[in-house]
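Report on the structure given below.
None of these values were measured; they are calculated from a predicted model.
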Amino acid sequence: MRRSTLRERSILVATGLAVTALVLAPLAAPGYALSYDMVFVPHQPWRAELVAPVDSLPRAVPLDALMSLASQAVPGWLLQRVVLAGVLLLAAIGAGRLVPARRPVVRVAAAVGYAWTPYLAERLLIGHWGLLLAYGALPWLVDAAIRVHRPGGLRRLVLVALPAVVTPTGGLIALVTVAVLVTRRGAARTTALAVGALLVLNLPWLVVAGFSAADARTDPAGVAAFAARAENWSGVFGALAGTGGIWNGQTTPLSRTSPLTPVATGLLLALAVYGFRTLRGRWPTGAADRLAGLAAAGFLTALLGALPGGATVLGWAVASVPGAGVLRDGQKFLVPYALLLVVAGALGAERLADRVAARGAAGGATALLVAALLLPVVVLPDLAFGAAGRLRPVTYPADWDTVARRLDGRPGEVLSLPFGAYRAYPWNDGRTVLDPLPRYVDADVLVDDTLWVGSTGVRGENPRAAAVGRVLAAGGPVTATGVRWVVVQRTADGQRVDPAALAGLREVYAGVDLTLYENPEGR
């Protein structure tokens, strides 16, 4: 398996920087790009709840704690740019290094291909940047797992796994990848150490999940809500085959609806099948087959909710088996498939180019490789410039800083109203975003963790939020919830809070965007 030269590595770094600049161009402006779960704030206060959430599942453990620590030294706007650039650079350079190509342009094609997938675009728009760190780290992890039995291999494996384990889903993908790829006859000790190291890296969220008061069994209604969806005439299977198919249609790039998209997917699949033989021959024995097994398992997991009977089985599992809810959004697990598709596809293009060149058409071979390099960008042009402007930075209104200062050092729960998980602020151009208040202020903030997908409400797991929600739904006053503070977000979603619900509260601050109340009966 030939290693890349210094010149090739330099070209890959330049390619990664070019792709990063093209995708994140709008972030050259000041502010914060806020989209669904992607919430960055100026400084995220440190709280024990970030390390060990008591009433909710550890979906952002240890990610939120790491961001809080980092934001004590680095402003949030810079953190956002560093992590997003890190995702793209890791993905591009890692895939380019991983592909065992003989032509430098093939490495560049793999770099562009893996950093320009529908998977990356859709997860970027839905704000799952923590999961995308695992996506970017996977090429490095696969390479390290293949070489783990060499001197220093275990240390390198642990190092490249670190970006992947900041979220539970990323940690699971990394753990399974290592367990499958490092297992080798006669090397039981190294295998056990490698798998054990990944288990230790996953302990932060595993331990918290074991002690959380939240019900680790989830609402089976989420199975249908989070199932992969069709994006064009090729259906769900075609969408997933092209690494797309996310459940949220609002985070699907418009280009995915093109009738020509499945044609490009079919072409890439054909190249991948053609190049897989080359991959098997150039990688250590069995490595390509094991990655193919991982890819198939990930694809099946993504497809499960849309298969006949699959939704029934998955619905039973998430409602009965603690922790099985991680499988609801199965499209997340397409990461190994996306990597194999790109790496094998790049080698398929190289193999085809070699055959063309062997017939005396050197120019045709070059044109073929350039076409393979440009294909991802041509098929998905709206990933460029911040997903066609959908990741344009904005500035938080001044009220947010004012309310944060008023709550600083003051004990008691904070209730965010209107009671809901997501907001659509006019100052964020109406784009949907997770309520930033829990990250913005130094307090425990209660929000409704029910997730609405169209007209389907997927029940949350936080028992305290559910209790407060029942009081509000019954028309009870906020004073009866026992919270100490109430923040009314007056410009959120155009919703209006019933003044009767605020009876008995003392107004502490009234701004254009936010109003802060104190509950005399709160604790």
Side-chain angles (χ1 to χ4, degrees), residues 1-28 74 78-117 119-121 123-124 129 132-147 152-153 155-164 166 170 174 279 282-283 335 338-347 349-350 366 369-378 380 383-387 391:
M1 182 174 172
R2 186 179 76 85
R3 302 296 289 171
S4 57
T5 65
L6 177 60
R7 176 175 174 271
E8 288 173 338
R9 289 195 292 270
S10 299
I11 292 172
L12 286 180
V13 171
T15 301
L17 289 171
V19 169
T20 300
L22 188 56
V23 173
L24 302 182
L27 273 77
V74 180
L78 181 57
L79 270 179
Q80 181 174 40
R81 285 149 179 80
V82 168
V83 297
L84 293 184
V87 165
L88 289 159
L89 287 171
L90 280 172
I93 299 172
R97 290 178 74 255
L98 182 66
V99 63
R102 292 173 179 165
R103 297 171 180 252
V105 67
V106 177
R107 292 185 182 273
V108 174
V112 174
Y114 191 64
W116 206 285
T117 59
Y119 184 98
L120 186 144
R123 291 295 163 179
L124 185 61
W129 59 270
L132 287 178
L133 283 173
Y135 178 90
L138 190 67
W140 304 84
L141 191 63
V142 168
D143 182 64
I146 291 173
R147 301 171 185 278
R155 183 171 59 252
R156 182 170 178 266
L157 179 74
V158 172
L159 180 64
V160 299
L162 290 176
V166 297
L279 184 65
R282 295 180 186 176
W283 268 7
V335 183
L339 180 61
L340 179 64
L341 180 67
V342 168
V343 169
L347 290 176
E350 181 183 60
T366 301
L369 290 174
V370 171
L373 190 159
L374 295 177
L375 179 64
V377 181
V378 172
L380 189 67
L383 174 57
F385 300 104
L391 295 178

If every non-hydrogen atom of [X] is compared with every non-hydrogen atom of [Y], which pair is closest and at what distance?
X	Y	value
Pro139	Ala91	CG-O, 4.4 Å
Leu12	Ile93	O-CG1, 3.8 Å
Glu8	Pro104	OE2-CG, 3.5 Å
Gly170	Ala134	CA-CB, 3.6 Å
Val160	Pro163	O-CD, 3.2 Å
Leu162	Val166	O-CG1, 3.8 Å

Of all residues at least two apart in sequence or in a different chain, which pass the side chain to side chain contact (heavy atoms under 4.5 Å, CB included) check with [X]?
X	value
Ala145	Leu157, Leu181, Val182
Val335	Tyr114, Tyr119, Tyr135, Leu138, Ile173
Val108	Ile11, Thr15, Val112, Leu373
Leu279	Pro100, Phe276, Trp283, Ala288, Leu340, Val343, Leu347

Begin with the C-alpha distance, continue with both residues' side-chain angles, and end with the deciding distance and a verdict on side-chain contact (heavy atoms from CB on, under 4.5 Å) for Leu22 and Phe385. CA-CA 6 Å; Leu22 188 56; Phe385 300 104; 3.9 Å; yes
side-chain hydrogen bond (donor to acceptor under 3.5 Å, both in side chains) partners of Glu350, counting only residues at least two apart: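 For Glu350, the residues satisfying side-chain hydrogen bond (donor to acceptor under 3.5 Å, both in side chains) (neighbours in sequence not counted) are Arg282.
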Measuring from atom CG of Leu391 to atom CG of Leu124, what distance do you get when rounded to the nearest 0.5 angstrom?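 If I round to the nearest 0.5 Å, the distance is 5.0 Å.
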Gap separating the CG atom of Leu341 from the OG1 atom of Thr117, nearest 0.5 angstrom: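 The CG atom of Leu341 sits 9.5 Å away from the OG1 atom of Thr117.
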Backbone N or O of Trp140 within a donor-acceptor pair of the Arg97 side chain at under 3.5 Å?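 Side chain of Arg97 to backbone of Trp140, a donor-acceptor pair under 3.5 Å: no, none is there.
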All N/O donor-acceptor pairs, side-chain side in residues 80-90, below 3.5 Å, sequence neighbours left out:
from  : atom 1 : to    : atom 2 : distance (Å)
Gln80 : OE1    : Ala33 : N      : 3.1
Gln80 : NE2    : Ala33 : O      : 2.7
Arg81 : NE     : Leu27 : O      : 2.8
Arg81 : NH1    : Gly31 : O      : 3.1
Arg81 : NH1    : Trp77 : O      : 2.7
Arg81 : NH2    : Leu27 : O      : 3.3
Arg81 : NH2    : Ala29 : O      : 2.7
Arg81 : NH2    : Gly31 : O      : 3.1

Partners meeting ring pair (Phe, Tyr, Trp, His ring centres under 6.0 Å) with Trp116 (sequence neighbours left out):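 So Trp116 forms no ring pair (Phe, Tyr, Trp, His ring centres under 6.0 Å) with any residue.
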